[in-house]
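One-based numbering, in listed order, for ligands and for the atoms of each.
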Amino acid sequence: MTELLKVDNIELYYDHVYALKGVSIAINEGETVALIGANGAGKSSILRAITGLRKVRSGEIHYQDHRIDGTRPDKLVRMGIAMVPEARRVFSYMTVRDNLLMGAFTRTDKADIARTLEMVLGRFPRLKERYSQAAGTMSGGEQQMLVIGRALMAKPRLLLLDEPSLGIAPKLVQDIARSIVAINRDEKVSVLLVEQNSRMALRISQRAYVLTTGKVTLAGNSAEMLGDDRVKSLYLGGET
Ligand SMILES: Nc1ncnc2c1ncn2[C@@H]1O[C@H](COP(=O)(O)OP(=O)(O)OP(=O)(O)O)[C@@H](O)[C@H]1O
Ligand SMILES: [Mg+2]
């Protein structure tokens, strides 16, 4: 198994208050890894550290053979790391098509970009149906598909997803979960999935980390975690 990303003992602060206190996680080539935990646990902060949006105070982040903490966000996109941030921001007045093409801003090969566009529209038929519609007029679920599609336009090796199911109707959550599985399996994109919907995240990932106030408190196989009593009572609403 080849390690794609290694986050090694990072600390991250906002002013004088810590958000991450010595977090280590790893993602192997081809894996989908889930990151779950309560509001404010530091999940998004981990993604911000990986993508260079916030500087870590200590620790290291390695991607492939490079040490990447301190690297600029746009350079990380060129290296194959794409993120779908929280709250799915589309460019409201731009069409679906133009939103998608914005995702390819680091690329120059037009024929290759056109191929990726075909792939994204194949994965998300709704986006094809709404190709010329202004993005801001689409439903929340459709906008989520659009921001995932936009991230794929960068042709990433590693896709970081921050709560793609948030505020989305159950039927569309299923569709999005299926798309994530397909992207991972067919496009060979490794995925780090941050979710409040722990059950969905554990179902579609191979491994998972539980984060509690800036620390990893549990790590392991996702299927085993689905059956773990502690995980059930804390993160799966106590259901069996
Ligand atoms: N820009 C900021 N300035 C100050 N504190 C921040 C900032 N961003 C996040 N924090 C704090 O850092 C901690 C971790 O926040 P983070 O956004 O990483 O949590 P999260 O696990 O993603 O939560 P949620 O599930 O609500 O999205 C929280 O206590 C939060 O209030
Ligand atoms: Mg968050």
Side-chain angles (χ1 to χ4, degrees), residues 5-27 32-61 63 68-73 76 81-90 140-141 143-148 150-151 156 158-170 172-173 176-177 180 191-205 207-220 222 225 230-238:
L5 181 85
K6 188 177 182 66
V7 172
D8 191 7
N9 203 21
I10 59 169
E11 292 194 314
L12 187 147
Y13 281 70
Y14 295 104
D15 295 320
H16 300 293
V17 183
Y18 77 83
L20 302 175
K21 205 165 193 182
V23 167
S24 299
I25 67 172
I27 301 169
T32 294
V33 173
L35 187 56
I36 62 179
N39 289 120
K43 304 179 299 296
S44 299
S45 298
I46 294 180
L47 300 192
R48 287 181 205 123
I50 295 169
T51 53
L53 294 174
R54 295 294 303 201
K55 282 206 166 60
V56 295
R57 179 171 294 188
S58 63
E60 297 183 1
I61 305 175
Y63 170 74
I68 59 162
D69 46 289
T71 304
R72 285 206 326 267
L76 293 169
I81 301 178
M83 169 158 75
V84 176
E86 280 174 308
R88 45 169 181 282
R89 298 234 163 66
V90 297
Q143 291 187 19
Q144 186 63 56
M145 291 174 186
L146 179 55
V147 290
I148 295 173
R150 191 171 66 200
L158 175 62
L159 181 62
L160 312 173
L161 297 169
D162 200 343
E163 307 209 26
S165 81
L166 196 69
I168 288 174
L172 278 186
V173 172
I176 286 170
I180 296 169
V191 177
L192 179 58
L193 174 63
V194 167
E195 262 299 335
Q196 289 277 331
N197 187 336
S198 310
R199 190 179 302 276
M200 182 270 265
L202 291 176
R203 277 193 182 136
I204 68 169
S205 58
R207 286 189 308 114
Y209 295 91
V210 175
L211 200 67
T212 314
T213 52
K215 283 181 183 162
V216 173
T217 46
L218 198 62
S222 300
M225 279 202 201
R230 283 170 303 170
V231 175
K232 267 191 214 161
S233 65
L234 287 170
Y235 302 104
L236 302 175

Atoms of ligand 1 under 4.0 Å from any heavy atom of Glu86, numbered from 1 in the order shown, are 27 (O)

Close side-chain approach of Ile10 and Leu12, heavy atoms under 4.5 Å:
no

Under 3.5 Å, is there a donor-acceptor pair between the Ser165 and Gln196 side chains?
no

Side chains of Ser24 and Val7, heavy atoms from C-beta outward: is any pair under 4.5 Å?
no

Check each atom of ligand 1 against the heavy atoms of Ala38 and keep those under 4.0 Å away; list them by number with element.
21 (O)

So does Glu86 pair up with Arg48, basic N to acidic O under 4.0 Å?
yes

Is there a donor in the side chain of Thr217 and an acceptor in the side chain of Thr212, or the other way round, less than 3.5 Å apart?
yes

Under 2.8 Å from the Mg ion (ligand 2), protein N/O/S atom count?
2

With a 4.5 Å heavy-atom cut-off, do Pro85 and Leu160 have their side chains touching?
no

With no hydrogens and no angle check, just 3.5 Å: does a side-chain donor-acceptor pair link Tyr63 and Thr71?
no

Which ligand 1 atoms, with their elements, are less than 4.0 angstrom from a heavy-atom of Gly42?
14 (C), 16 (P), 18 (O), 19 (O), 20 (P), 21 (O)

Please test Ile176 against Gln144 for side-chain contact (heavy atoms from CB on, under 4.5 Å), starting from the C-alpha separation and ending with a verdict.
CA-CA 8 Å; Ile176 286 170; Gln144 186 63 56; 3.6 Å; yes

among protein heavy atoms, the one nearest atom 12 (O) of ligand 1 is Tyr14 CE1, 3.3 Å

re atom 26 (O) of ligand 1, the protein heavy-atom contact at minimum distance is Asn39 ND2, 2.9 Å

Only heavy atoms of Glu163, strictly under 4.0 Å: list the atoms of ligand 1 that pass.
24 (P), 25 (O), 27 (O)

If you take the nearest heavy atom of each of Ala49, Ser44, Ser45, Gly40, which one is closest to atom 28 (C) of ligand 1?
Gly40

Got Leu161 and Val191 here, is their nearest side-chain heavy-atom distance under 4.5 Å?
yes

Is any side-chain heavy atom of Leu192 closer than 4.5 Å to one of Ile25?
yes

Side chain or backbone, does Gly37 bring an N or O within less than 3.5 Å of an N or O on ligand 1?
no

Short side-chain donor-acceptor distance under 3.5 Å, Asp162 and Ser44
yes

Regarding ligand 1, does Gln196 bring an N or O atom to under 3.5 Å of one of the ligand's N or O atoms?
yes

Protein heavy-atom contact under 4.0 Å for atom 30 (C) of ligand 1?
no

